Each structure stands twice: as C-alpha cells, then as structure tokens.
Amino acid sequence: MSYFSLCHKLFDGYVKCGSLAEARRLFDDLPNPHIVAWNYMISSHVSHGKTAEAIQLYEKMLEGGVIPDEYTFSSVFKAFSDLGLVRKGQRAHALSVVLGFEIFNGFVASALVDMYTKFDKMRDAHLILDRVVEKDVVLFTALIVGYAQRGHDNEALQVFENMVSQGIKANEYTLSSILISCGNLGNIVKGKLIHCLVIKSGLESAVASQTSLLTMYLRCSLVDDSIKVFNQLSHANQVTWTSLISGLVENGREEIALSTFREMIRSSINPNSFTLSGVLQACSSIAMLEVGEQIHGIIVKIGVEGDKYAGAALINLYGKCGNTDMARFVFDALTEVDVVSINSMIYAYAQNGFGHEALKLFERMKSLRLEPNDVTFISVLLACNNSGLVDKGCQVFASIRSNYKIELTRDHYACMIDLLGRSRRLEEAEMLIKEVRNPDMVIWRTLLNACRIHGEVEMAERVMKKVLELAPGDEGTHILLTNLYASAGKWNQVIEMKSTIRDLKLKKSPAMSWVDVDREVHTFMAGDLSHPISHEILEILHELIEKVKTLGYNPDTKFVLQDLEEEKKIRSLYYHSEKLAIAFALWKTSGRNTNIRIFKNLRVCGDCHTWLKFVSSLTGRDIIARDAKRFHHFKEGVCSCGDYW
DNA sequence: TCGCCGGTCT
C-alpha cells in the first residue's frame, strides 16, 4: 500500500467516524501533504459546514506552492459561495482559467456556475455555461437552479428548453427545480408536461421530484391533484409533509393543513421550523390562539424559538390574535433580527393600533442600519393610519420617495389615501389617486369609505361610479353606499340601493361575532337569540346596558341602517352580534378576571365601540376585539385605536 | 477526493 492511499484510508476512517478534528491533526503532522490529501481535507471541511477552515486550508496550500487541481476548485468554490466571498471567489476563478479548468472540466464549471448564481451574478454564470466545451446535465442544472431560486423562472425554463434541444436528458435535480418554476409561473400546461417527463424518465419515485410535483400543483391551486400526488408517495419525509402543509395554508385550507400536521406527528415524522411556521400561519389566519400556543410549545421543545422563520410566524400569530406583548416577547428572544422579523413586529403593533411603539421600532431599525423594504413602509404607514398619526404618515410617505430606492406600490398609496381620507382630507386623497398607475377597485373603495365616514354624498357618488367600472357587481361597494345614504338619512336612496342589491342578487354577508371561551368557539349573529342559553345572555346584556347608561352610555342610533322608529332602532342596536358575544363571555367567565377576546367578520360598529369602552371600565376586564380590519384593545374605558378607525 | 434538487416569515 502506498503512502498516499494509507493516508487516505486513515483520513477517511476518521472523517467517517465523525472526527474531522482527528483527521485534521493527522494531516497537520504530514511534512509535505500531497494534493490529494489537501483536496480531501478541503472537501471534508466543506461538507461538514466548516467553510471558513476550508478556505484557510486552500490559502495555506497555495502559500505552500501546491498547485490546485479540478478537485480543489470544485470544493472551494462552494466554500466561497456559502460565505458570500465574491472577491476571493473571483480570484480563484481567475486561477482556474489560467490552469485551463474553467471551460474544459465539467466539475469546475458547474461549481463556478453555482457560485456565481449564489453571488447573484447571473450574467457571469450564464457566460460560463456558454463557454464550456462539453456541457452536461449538471452544468445546465446548476444554471437552471440558479435562475429558479432567484425568481427568474422564465429564464430557467428557457435554459431548460435549450438543454433539452441539445439532446441532454434531464435528471431528478433538473426536473425538481423546473417544476418549481412552472408552479411559480402558474404554468400548469408546462407543469403537466414536465410531470409526464418525470414519469417517462422513471423518476416518479424520487422523493425530490414528488415534492416538487406536489408544490407545483399547490402553487397552481390544484389542491386535489397535489393530494393525489401525496397519496401515491411511498415514503413521505419531513420536506414532503411540510410542502403539503404550507401549500394547503397558501390555498386557504387551514383546517385541512392542521389535520395534516396532526397526521404527520402520528406518522412519527418530526416537524422542523419550516413545518411549524406553516402550521402557525394556519393558526394566525383563523385566529386559533390555543393551537398556536401549543405550536409555540413544540417550537420551544425542539429548540428553534430563535429561528427567524419560526419567530416571524409566532410574532404574526400573536399579532393577529391581539397579543402584542407575547409578540414582543418572541421578537426580543430572536437570535438574529432581520428586516422581516422587524417588519413582522412593526406590523403586529400597527394592526393593533400601537402606532408609537411601531414608530419606535422603525427608528431602532434605522439605528441598527437595517435597510427598510416595501413591506416596512406598508407596516409603518398602517401604524400611522391605525393611530391617527396623520402628519407623521405624510412625513414617512414623503421620505420614501426622497430617501429610499423603493418603488411605491398600490398598497402604499391605498394606505395613504385611507389616512388622508379618514382625517377628512378628501381632496388630497383624490389627488393622490392620480399618481397611481392603474388604480384598482381597492384604491377607489378606500376613498369611498372615507366619503362614508364624513358623509360626503356628492364625492361618494362620483367615486362609486369609478369603483363599479372596475368591479361592477361588487357587494361591498353597494353596501358602503347604502350605509352612507342611511347615515345621511337619505332613506329613498337607501331603498333604491337595496332594490339594486336585490336585482343584482348581491348578498350582504350577515354580521357575525364569535368568542372563544374555554376552548370552545361560540358564534352570534345580530338579533339572533337562538343560542341555547340566550335567556341568561339577554339578562346579562340588559343589566350591562342599564349599568353603562349610568356611566354615560347613550345609544347612538345613527348606526342603525333601517328606517325604524327610534325605539326599535335602539332595540336593534342592543342585539348587535358583538354585544351578544360579550354578554355571553362575561356570563361564562363570571368570577374570573380574564381578558375577553372577540372576533367580528365585519367592522365593529360605532355604537358598540362606545359601549365596549364603558363595559371595559365597568367590569375591569380587558376586551380585545378583532374586526375585519384591525384590533381594538379596550382597557379601563379607553380603546387603543384612540376612537379613530 | 469533486459539481446540480424539493419545504418556512412581514
């Protein structure tokens, strides 16, 4: 046995037993290590994630006068790309050109392409592929993957077709990646073609291909097809399960996503932070705080509470469930604060009406030299909007244009239009719409809502036309205008609108509130006294109303949309769904001092808002109400929205 | 002794 192969066997033994350090000690004792030994050490360090050490070894090797070969380069390029060391990578690239590896060796070339795509230097990567004399599937795949992962899905498809036309057969790596691009593009026709190709190539049992197929169907919203793919899987792994769960959430199938998660656990597949953030998203969307808290428990148990994905998902959960303190607790425990986690926290404050907290965090972000992105500004503007910080909002909006290279989207404008409109600066709001490229229905409806708040019938009628041009049968718009006429006392127009709504067969979604008491959800509709214990509820409700009247509550009938006698109007106010839900929750939890969390499918009504403030001071309970748009935290007679919403 | 794959957050 030669000296080299003896050394090699020794290294291999140590590394395979997991003792890279032992191998390293052995290596360091060699007087003049051969190139094969250097390569072995470098690649072992890279594959063990010890990238920085791999680079040190490479540099030491060069200092020692050892000439790198194709093996050295293919390992070390990966190290440079992992650490984002562009300069060093380019210098090594130059050396590989001088030594004649770049265009003549497939291993070196594909590692180079991979490195440049990770540096986001797509032109360089593509040029290398073009120069390589004999291109193989790995080389093409490296470029396809690079394009796909940076969101250049059309380019990925082009390169793929180019590869196929050169008679090079795709492998499972190529197909996995290209399926994802089809999914991202929503190109189900190409996606199905590739599905056929997967079968034809005999790769349908490869787990990565299956996962990508699953993801492709889910991104194209073909949930049933994706479930079919999933059911045909022989061995679903952690990634496959996760892919299915997060895809279901994306398609609004939260309940199924949660049952799939439970099935995953039953199948003894462990979740990781990917899985858990998907499940948390399901909990946040449907405000299932209890389940979310259980997931939080699992996150702590498996030790990923500092993970930025799990963290952002938790912040989002607590934000959407109205618990900003918990959201902040999670945020403060993150190991790495990045722009997404800060955005999540700002957004959590924003939707709960804690504008000043949101702005403080925005300032801290700047002092941390984290570059804000478009989402940051949506969150900050929303924070100003939900707290009535009009001037601050205008100032922030102006600064986006002057200080940042961020393109303003319709969402930014919609937020500003809402902000201006609600503070009665309707003309300014309308002027701002002129700046929006292709203003959509949402933009105009935002202005329409502002008209409703301020009873601007004339402008509303003009704006209504715009909205209906863009969305002729939109129920929300008709209802908005009906409400506007009703609050302006124009009952003839209300009747007219109602008949239009009837003719168009538009259905008004009924107002509904629900409340979560002792892990049971109870739903209430306005005026609906069919709850099994409605007798007790009504008793409590009437008692509450009489008591808060003594504190100054005065039923405000302008929120009643029917033209009824005053007495009947007042009665209809009393049976609003949120009042029923609160009465029920107080009855169920009497003697306890817990917070009450209620949810409403529409926006909370003005009279109920006032009433809830009184109830919070009367009972000493904190009431957290999530309506269709935001949260209201009622505490000691005050609401976090500052009566501005 | 070497290269290319699938799932997460605002």
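Chain identifiers are assigned alphabetically (A, B, ...) following the order of the sequence lines, protein sequences preceding nucleic acid strands; residue numbering begins at 1 within each chain. No experiment lies behind these values; they were computed from the predicted model shown.
Listed nucleotides B:dG3, B:dG7, B:dC4 differ in distance to A:Gln238; the shortest reach to its side chain belongs to B:dG7. When the nucleotides B:dG7, B:dC5, B:dC2 are ranked by their closest atom to the side chain of A:Glu172, B:dC5 comes out on top. Among B:dC9, B:dT1, B:dC5, the nucleotide with an atom closest to any side-chain atom of A:Asn39 is B:dT1. For A:Arg219, counting side-chain heavy atoms from C-beta on, the closest listed nucleotide (B:dT8, B:dC9, B:dC2) is B:dT8. Distance from the side chain of A:Val340 is smallest for B:dT10 among the nucleotides B:dT10, B:dG6, B:dC2. Of the candidates B:dC4, B:dG7, B:dG6, the closest approach to any side-chain atom of A:Asn237 belongs to B:dG6. With B:dT10, B:dG7, B:dC4 as the candidates, the nucleotide lying closest to the side chain of A:Ser344 is B:dT10. The nucleotide whose nearest atom lies closest to any side-chain atom of A:Val207 is, among B:dC4, B:dT10, B:dG6, B:dG6. Side chain of A:Gln281, nearest nucleotide from B:dT8, B:dC9, B:dC5: B:dC9.
The shortest distance between the side-chain N/O atoms of A:Gln149 and the OP1/OP2 oxygens of B:dG6 is below 4.0 Å.
Using a 4.0 Å heavy-atom distance criterion, A:Gly106 is classed as a base contact. A:Gln210 comes within 4.0 angstrom of nothing in the nucleic acid, heavy atoms only. Using a 4.0 Å heavy-atom cutoff across all strands shown, A:Ser379 reaches no nucleic acid atom at all. Among the heavy atoms of the strands lying under 4.0 Å from A:Ser176 is at least one base atom, whether or not backbone atoms are also near. Using a 4.0 Å heavy-atom criterion, one finds that A:Asn171 contacts the bases of the nucleic acid, with or without backbone contacts as well. Residue A:Asn316 is classed as a sugar-phosphate contact, given heavy-atom separations below 4.0 Å to backbone atoms only.
For A:Ser110 and B:dG3, a side-chain-to-base donor-acceptor distance below 3.5 Å is present, hydrogens and geometry of angles not being considered. Counting atom types as modelled, A:Thr211 pairs a side-chain N or O with a base atom of B:dG6 as donor and acceptor under 3.5 Å.
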Using distance only, find each side-chain donor-acceptor pair of residues 107-116 of chain A under 3.5 Å and give its atom names and separation, not counting sequence neighbours.
from	atom 1	to	atom 2	distance (Å)
A:Ser110	OG	A:Gly106	O	2.9
A:Ser110	OG	A:Phe107	O	3.2
A:Asp114	OD1	A:Lys118	NZ	3.0
A:Asp114	OD2	A:Lys118	NZ	3.1
A:Tyr116	OH	A:His93	ND1	2.7

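Remark: aromatic rings of A:Phe377 and A:Phe362 are close, center separation under 6.0 Å. Taking the six-membered ring for Trp and the full ring otherwise, A:Phe397 and A:Tyr413 have centroids separated by under 6.0 Å.
Under the stacking definition used here (centres under 5.5 Å, planes under 30°), the residue A:Phe107 qualifies as stacked on the base of B:dC2. Stacking between A:Tyr40 and the base of B:dT1 is absent under the criterion of ring centres within 5.5 Å and planes under 30 degrees.
Taking 4.5 Å as the limit, every side-chain heavy atom of A:Phe274 sits out of range of all side-chain heavy atoms of A:Gln238.
Looking at residues two or more places apart in sequence or on another chain, you find a side chain to side chain contact (heavy atoms under 4.5 Å, CB included) between A:Ser267 and A:Trp241, A:Ile269.
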